[in-house]
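Below is one structure, written out as structure tokens, with a few remarks after it.
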Amino acid sequence: MNQEIAKIFREMAFILEAQNVAFKPRAYERSFEVLETLTDDVEDLYRKGGLKSLQQIPSIGKALAEHIEEYIKTKKIKEYQTLKKQLPVDISGLSAIEGLGPKKIQELYLKLKIKNVADLEEAISLGKIAKLENFGKKSEENITRGLSFAKTATTRIPLGYILPLAQSIVDKLKKVPGVKKVVLAGSIRRYQETIGDIDILALSDNTQKIMDVFVNLPEVDKILGQGLTKSTVHLKTGMDADLRVVAPEVFGAALQYFTGDKNHNVKVREIAISKGYKLSEYGLFKKEKIIACKTEEEIYNKLGMDYIPPEIRTDSGEIEAAIKHKLPKLISYGSLKGDLQTTTNWTDGETPIKEMAEAAIKLGLEYIAVTDHTQALTITHGLNEKMLMRQAKEIDKINLQYQKEGKNFRILKSAEININKDGTLDINDETLKKLEIVSVAVHSSFRMSKEDMTKRILCAIENPYVNILFHPTGRLINKREAYEVDMDAIILAAKKNNVVLELDCFPDRMDLKDVYVRKAVEAGVKIAIDTDSHSPEHLKFLEFGIGTARRAWVTKNDVINTWPVEKLLKWCSKK
DNA sequence: GCCGTTTTCGGCCCGACTGTTTTCAGTCG
């Protein structure tokens, strides 16, 4: 329901913008963004507390609450239908073309009756665009180019998969003579789970040189814009990259600006105005006089706030908390002592137990849990009770050896146990008792009703031996939707039964996602940040899980694998 | 249309780049 209404509000914002209506578009745009990430279902909120509780949602006032009410009751919003009649076009399709915004799309409709991408292609083939007032030959070329990009455009890519490319571009730019510093900004610096484009900030006194290198990189397909301080390119992978170059002395202001997100920046700038300042990428100004620009910290402090870490700059309470000096101390990178989900060649992993352990030791970890699949997942040759006990013996052997060598490392006996369709587990209690950590997950029948799936998972959570629920929503980014499940009920049950929810940081899982992690932690539920490694290479994904945890305001003590192994095991056995 | 430790009325972020213009609107982030 949230997504349906969000989409309508976005279209309303777009049409209002086309009609040059003042301020309303931003109000609708804000409500779209809020609804899109809201974890509570508006229908539930409305049933429980009516219009009043809808108005509790940030950026939703009387008028928008009534729109939501109307949609819940009638599946329609009259005002939307009226607006849509005035611009009855495929907004999402047309606006996906770079350079086409509300005004131009409206003009194309009014003058040429262009309603969708197919109409647009036809108009171009007939040479109609270039003849249009306010358009021209260049516009036609740009739209043509935009059309071909829109076809090959990649969807947002998981952070872990895009970072190597982004980093390699940064490394190349660093080598340009005269360049003092190059850093990643934007959604990458905020550790967002998926990335839409790569934002790079460079410090240099000679902007021309680095711009030339940037737009001529071998990774570049087309230059979309090139100026003295800002350039945009379309990469061969299908993603866009922006480079912003500023003078070294305004680094803090530029980094703050270029990190975003947009809503955070807007609010910070509004606060600047209310204090008689102006904030831009060039600094914090009082009239013409520069107040702060060297570091981000300085800028936040001058505005009466504590420093806000990039990951939580989303305008979801962090600014208010920073003013009150009540920001949490977020879990820091490198603070995990172990990884509680790793798969070995006993099932569908690539490497023997010991090799995985050695890789973990190299990364400075103190323990891993071996969590091979269990028997119901036949495709992975899942282990039965007998095999699990045989694996346990092997683990004992390696641990003993580590002990003799004086190594501070331990392999924990565990498994990724299937939750059957009826909520029972595919390993018997006798064997569960013998495992040091019992972790469970859904791997089949993803398309159950929300009610049945919730019951199924609650049943597993209530099993007295269960410690961790792995990848709680089952989603695979860009591949598989999350199954439908009542996350509030899961969180409640997890708290009650002392079951940990996993933040699986394999890049295309990132499951739980940030908004749910935040909810879980607020409810007092503990989190485990695991890689779900199927090869030693994957262990490095821990960093991305910490990034997401930080986005969710998670502190060190919320995460059980920051604990020493003794504390962890004691906590698990207390059940 | 939303919002409030200046305000329940009167504000609403800021700047770069492009293209079609003869000074600026549209788009983007």
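Computed from a predicted model, the values in this text were never measured in an experiment. Chain A is the first sequence line, chain B the second, and so forth, proteins listed ahead of strands; every chain is numbered from 1.
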Identify, residue by residue, the members of residues 69-90 of chain A with a heavy atom below 4.0 Å from DNA chain B, and return them in order of residue number, or none. A/E79

Nearest to the side chain of A/D242, which nucleotide is it out of B/dG29, B/dG1, B/dC12? B/dG29

Salt-bridge test for A/R190 and A/D514: reply yes if a basic N is under 4.0 Å from a carboxylate O, no otherwise. no

Roughly how far apart, to the nearest Å, are B/dG15 and B/dG10 at atom C1'? 25 Å

Whole-Å distance separating the NE2 atom of A/H234 from the P atom of B/dG29: 13 Å

Please determine whether a side-chain nitrogen of the Lys or Arg among A/K7 and A/E11 lies less than 4.0 Å from a carboxylate oxygen of the Asp or Glu. no

Say we look at B/dC12 and B/dT6: how far apart would their C1' atoms be, to the nearest angstrom? 16 Å

Return no unless some side-chain N or O of A/K24 is found under 4.0 Å from OP1 or OP2 of B/dG1. yes

Spacing between A/K138 atom NZ and B/dC17 atom P, to the nearest angstrom: 16 Å

B/dT7 versus B/dA16 - spacing of their C1' atoms, nearest Å: 33 Å

Taking the P atom in each of B/dA25 and B/dT21, what is the distance between them to the nearest angstrom? 14 Å

Closer than 4.0 Å, any side-chain N/O of A/S139 to the OP1 or OP2 of B/dT20? yes

Ignoring hydrogens, what is the shortest heavy-atom contact between A/K286 and A/K275? Give both atom names and the distance. NZ-O, 4.2 Å

Electrostatic pair A/R244-A/D199, nearest N-O below 4.0 angstrom: no

For the residue pair A/K113 and A/Y109, would you count it as a cation-pi contact if the rule is NZ or CZ under 6.0 angstrom from the ring centre and within 45 degrees of the ring axis? yes

Between B/dT18 atom P and A/R145 atom CZ, what is the distance in whole Å? 10 Å

For DNA chain B, determine which residues of residues 251-281 of chain A have any heavy atom closer than 4.0 angstrom to one of its atoms, and list them numerically. A/Y257, A/V266, A/R269, A/E270, A/I273, A/S274, A/K278, A/L279, A/S280, A/E281

Nearest-Å distance for atom pair CG/P, residues A/N134 and B/dC24: 15 Å

Side chains of A/Y333 and A/R550: does their closest heavy-atom pair fall under 4.5 Å? yes

How far does the P atom of B/dC17 sit from the matching atom of B/dG11, given to the nearest Å? 32 Å

OP1, OP2 of B/dC12 versus side-chain N and O of A/R30: anything below 4.0 Å? no

Tell me: CD1 of A/I323 to P of B/dT6, nearest whole Å? 10 Å

Charged N to carboxylate O under 4.0 angstrom, A/R145 versus A/E98? no

Let me spell it out: for each of A/K103 and A/E133, pick the nucleotide of DNA chain B with the closest heavy atom. Which residue's pick is nearer the 5' end? A/E133

Roughly how many Å apart are B/dT20 and B/dG26, using the P atom of each and rounding to a whole number? 14 Å

Approximate separation, where rounding is to 0.5 Å, of A/I5 CD1 and A/I77 CD1: 6.0 Å

Expressed in whole Å, how much space separates the C1' atoms belonging to B/dT8 and B/dC2? 12 Å

According to salt bridge (Lys or Arg N to Asp or Glu O under 4.0 Å), who are the partners of A/D221, at least two apart in sequence or on a separate chain? none

Applying ring pair (Phe, Tyr, Trp, His ring centres under 6.0 Å), can you list everything that pairs with A/F32, at least two apart in sequence or on another chain? none

In whole Å, measure the gap between the P atoms of B/dC13 and B/dC3 for me. 14 Å

Closest-nucleotide ordering on DNA chain B, the 5'-leading residue of A/L224 and A/P102: A/L224

Who are the salt bridge (Lys or Arg N to Asp or Glu O under 4.0 Å) partners of A/K181, not counting sequence neighbours? none

Ionic contact status for A/E66 with A/K62, cut-off 4.0 Å: yes

Are the ring of A/F23 and the base ring of B/dC2 both nearer than 5.5 Å at their centres and tilted by less than 30°? no

Output the pairing pattern of DNA chain B as a dot-bracket string, 5' first, Watson-Crick or G-U wobble with both distances under 3.5 Å, | for cross-strand pairs, [ ] for crossing pairs. ((((....)))).((((((....))))))

Is A/R518 paired with A/E522 through a side-chain N to carboxylate O contact shorter than 4.0 Å? yes

In whole angstroms, the gap separating C1' of B/dT27 from CG of A/N142 amounts to 12 Å

